[in-house]
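Only one structure is covered here, and it is reproduced in the block below.
Below, chain A is the first sequence line, B the second, and so on; all start at residue 1. Since this is a predicted model, take the numbers as computed values, not measurements.
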Amino acid sequence: MRGLDPQAALKDMLLAGLVALGLFAPLVGLRTDVAPTGALFIRTRWTDVAIIVGLVMAGRLAMHIFLARREARAAMADLSKPGRFATQAAWLARILGPVLLGVALLLPAIPGVGRYELDLGILVLTYIMLGWGLNIVVGLAGLLDLGYVAFYAVGAYSYALLAQYFGFSFWLCLPLAGILSAFWGILLGFPVLRLRGDYLAIVTLAFGEIIRIVLLNWVSLTGGSNGISGIPRPSFFGLPFSMEGGPGTFAGFFGIEPSPVHRVIFLYYLILALAMLTNWVSVRLRRQPLGRAWEAMREDEIACRSLGINIRNTKLSAFMIGAMFGGFAGAFFATRQGFISPESFTFIESAIILAIVVLGGLGSQIGVAIAAIVMIGGFELFRDLEEWRMLVFGAAMVLIMVWRPRGLVGSRQPTVVLRERRRIGSEHVAEGRG
Amino acid sequence: MTMLHLDNVTAGYGAVQALKGVTIEVHPGEIVTLIGANGAGKSTLLMTLCGDPRARSGRISFEGRDITQMPTHEIMQLGLAQAPEGRRIFPRMTVRENLLIGAQVAGHDPGPELERVFAIFPRLHERQAQRGGTLSGGEQQMLAIGRALMSRPRLLLLDEPSLGLAPLIVRMIFDTIRRLNAEEGLTVLLVEQNANQALRLAHRGYVLVTGQITMAGTGAELLARPEVREAYLGGH
Ligand SMILES: Nc1ncnc2c1ncn2[C@@H]1O[C@H](COP(=O)(O)OP(=O)(O)OP(=O)(O)O)[C@@H](O)[C@H]1O
Ligand SMILES: [Mg+2]
C-alpha cells in the first residue's frame, strides 16, 4: 500500500499552482476593455486570477487525497481491517492539527473577525473541549456515556453557587468545579462498574436526567427553572474588564481604550487554553499505562482482567477524568453566560457531544475537533432554517455514517511509534491466516 | 513445596456447577497439562484460580499463599500470568502496545522484557507496529503468550494455545513452551484438547471430565492408558 506522501503532494500542488498562474495571469488577469472615451485600455483582474489559482491548487490536492485513498482501498481488499485510513489520518493529524491550532491562535487578529465570529469560536471551542473530555470516556475507555452533560451542569452550578454564596473568584472556582465534577464522575462510576453497552448507556442517561431534575426542583438552592443570574464574569487574573477604564481595570492597567471586545477575546483564549489542556492531558495519558489500560479495556475487558489490570480503578479513573474536563467546561460556560438554568443541560446537549465524538471517529483528537467545527458551525450556518436544521443535521449524520462508518478520522493512531518507521506491506499482512 | 495447589475447589456460573471439587497440584519447574472434552471445565479452572469466577468452596494457594478470595488484579501481581482461551489480544492496538499492557501489572520497566519476548518470538519483533487484529492466527497466539510473559511470571497458564492452528505452528509453539521450561525453569499449566501432543510435552497430566478429575499421572502413563487413548486420542 502506498499512501499519500504529504511532501510530494504539496510540491505537486505548488507546481500546479505555478502552471495555473502562468496560464491564467495573461488569459484572465489582463483584459482589454473599451473605455467610455472609446479608447482601449487594459483592466487587471488579479483577484480572479488568485481565486482560479487557489481553486486549481485545492483541486489538485483533493485529487491526490482521492487517489491515495482509492489506492489504499484497492490494496487492502479486506475492508474489515482497521487502519484503512491510517496513512490519511496520520497525514491529517500531522498537517491539519498545527494548521487548525495556528488559525485558532490568530483568529482574533484576523481582519473581519468581530464579536460574532469570536462568540462562535468560543462556542465551537467549548464543544471541542467537551468532545475531548467525553472522548476519554467513550472513545478511549469504550464506556458509552449518554449523560455527560451532567458533569457540565455540575461544573457550571459549582461555580455559580460558590461565587454566589461564598464570593469565590473564577480562578479559585475553576479547579473546584473540576474536582466536584470528578467526584460526581466517581459517584456515577461505582453503580455502573458491572454494566456494559446498552445497560451502561441507559443508566448514564438516567444520571444526566437526575442531575438536571434535581437542579430544577431544588429551588431554594439553585433557583429552579429561574436559574442563577448575575454570575461574576472572569477577571484578567484580578483585573476586571470594565468600560470605565479606571486604574484597577484591564484597560486601565495596560493603558488601552476600554472595549467590550477585550473580554470576548479573553474568554476566547481562556477556552482555547482549557481545550488545549484537555487535549494535552488526553494525548499524554494515552501514552501512559493508565491510558493504555483504558484502550485495552475498550478492546477486551476479560483479557484485561487476565492480565491483572484493575478494571474498577481503570473505569473509575476514566469517568473521573472525563467528568473533570466537563466540569471545567461548565465553569467556563457559567462565567461566559453570566446566567445558567437547567434548560442549558438537557439530554440534547449530551447527544450533540456524543455525536461529535462518534462522528470524529471515536478516539481521534483531530477528528473530534473537525466534527465539532462542522457540527456547531453547521448549526450556525443553517440558523435561518430553524427546525429544518435538525433535519439537515440528521441527514448529514446519516451521510457521514454511510460514507465513513468509522467516523471522520476513523483510525486509531498507535501511541508507540518505532524509530525506523517501517511500513508493513499488504503482501505480508495477507499472509498466513492461521 | 507445591507452587499451585487447588484443594477440592468448586466453581460455576449461576445454576451451572462447572467444577465439582477439583484437587490438583503444580510443582515448580513442571509442565502440567489438563486435558478434557469440550465443556469439561478446563477454562473455568484456569479462570477460577485467577479469581474470576470465584471459587464457591475449597482452597486455592499459590506459593504457599491463600489466594482463594484475593481480587483478580492482586492475584496476577503474585507472579502468574494467563494466555486466555481464544487469545483475546487487543485487535486495534499494535503488537508492541499489546505487549506493553502485559507488563503493566508487574510495574517494572518493560524494556528488557520486550527484548526477551522479541527474542523468543522474532515474528513479533517484525510485526511490532502492526495492529493485533491483522496478525495471522499463529502470530496472534504468539502475541497472547508473549503478552503473558511480559510480566515475567513464574507460573504460566495457557488455555488451548493450539486452537485452530496448523500442525507446524502448533509444534513451534509447543517447542517454545518446552524451551522456556527447560532453559528458564518456567512452570506451565497447559490446558489442551490436543491430548497427544500435550501429554508428550508435559511432565504430568490430569484428565478432567464434567468438572471432576478422573485420572492423573505422568504424561507417558496417561498416554499409555487405554481409557485416555479411547476418549482423547481417537482410539489409536
Ligand atoms: N460465562 C459462563 N456462563 C455460564 N456458563 C458458563 C460460562 N462459561 C462456561 N460455562 C459453562 O461451564 C462449563 C465449563 O465450561 P468451560 O469453558 O470451562 O469448558 P472447557 O473445558 O474449557 O471447554 P472447551 O474445551 O470447549 O474450551 C460448560 O458447561 C459451560 O457451558
Ligand atoms: Mg475452554
### Query
CZ/B:Phe90 to CE/A:Met297 distance, rounded to the nearest 0.5 angstrom?
11.0 Å
### Query
Can you name the ring-ring contact (aromatic ring centres under 6.0 Å, His included) partners of B:Phe62, sequence neighbours left out?
none
## Note on the structure
Cut-off 4.5 Å, heavy atoms of chain B, and the answer for A:Arg312 is neither
## Note on the structure
SG of B:Cys50 to CD1 of A:Ile302, rounded to nearest 0.5 Å, is 12.5 Å
### Query
Do other residues, nucleotides or ligands put more than 12 heavy atoms under 6.0 Å from the CZ atom of A:Arg284?
no
### Criterion side-chain contact (heavy atoms from CB on, under 4.5 Å) on B:Arg92 and A:Glu295, from CA distance to verdict
CA-CA 9 Å; B:Arg92 288 206 284 165; A:Glu295 290 199 83; over 6 Å; no
### Task
Step through the shown structure and confirm whether more than 12 heavy atoms of other residues, nucleotides or ligands are within 6.0 Å of CZ on B:Phe118.
yes
### Task
Quick one: pull up CD in A:Glu299 and CD in B:Glu97 and give me the separation to the nearest 0.5 Å.
9.5 Å
### Query
Between CG of A:Asn313 and NE2 of B:His73, what distance do you get to the nearest 0.5 Å?
6.5 Å
### Query
Hey, what do you get for CG (B:Asn98) to CZ (A:Arg292), rounding to the nearest 0.5 Å?
10.5 Å
### Task
Select one option (side chain, backbone, both, neither) describing which atoms of B:Gln104 are under 4.5 Å from chain A's heavy atoms.
side chain
Compile the donor-acceptor pairs under 3.5 Å between side chains in residues 156-163 of chain B and protein atoms, sequence neighbours left out, one pair per line.
unit_1	atom_1	unit_2	atom_2	d
B:Asp159	OD2	B:Ser43	OG	2.8
B:Ser162	OG	B:Glu192	OE1	2.9
B:Ser162	OG	B:Glu192	OE2	3.1

#### Entry: Residue pair A:Leu307 / B:Ile101, side-chain heavy-atom distance below 4.5 Å
yes
### Message
Looking at B:Arg171, I'd like to know if its CZ atom is crowded, meaning that more than 12 non-hydrogen atoms belonging to other residues, nucleotides or ligands lie closer than 6.0 Å.
### Response
no
### Interatomic spacing from CZ in B:Arg88 to CD in A:Glu301 - rounded to 0.5 Å
10.0 Å
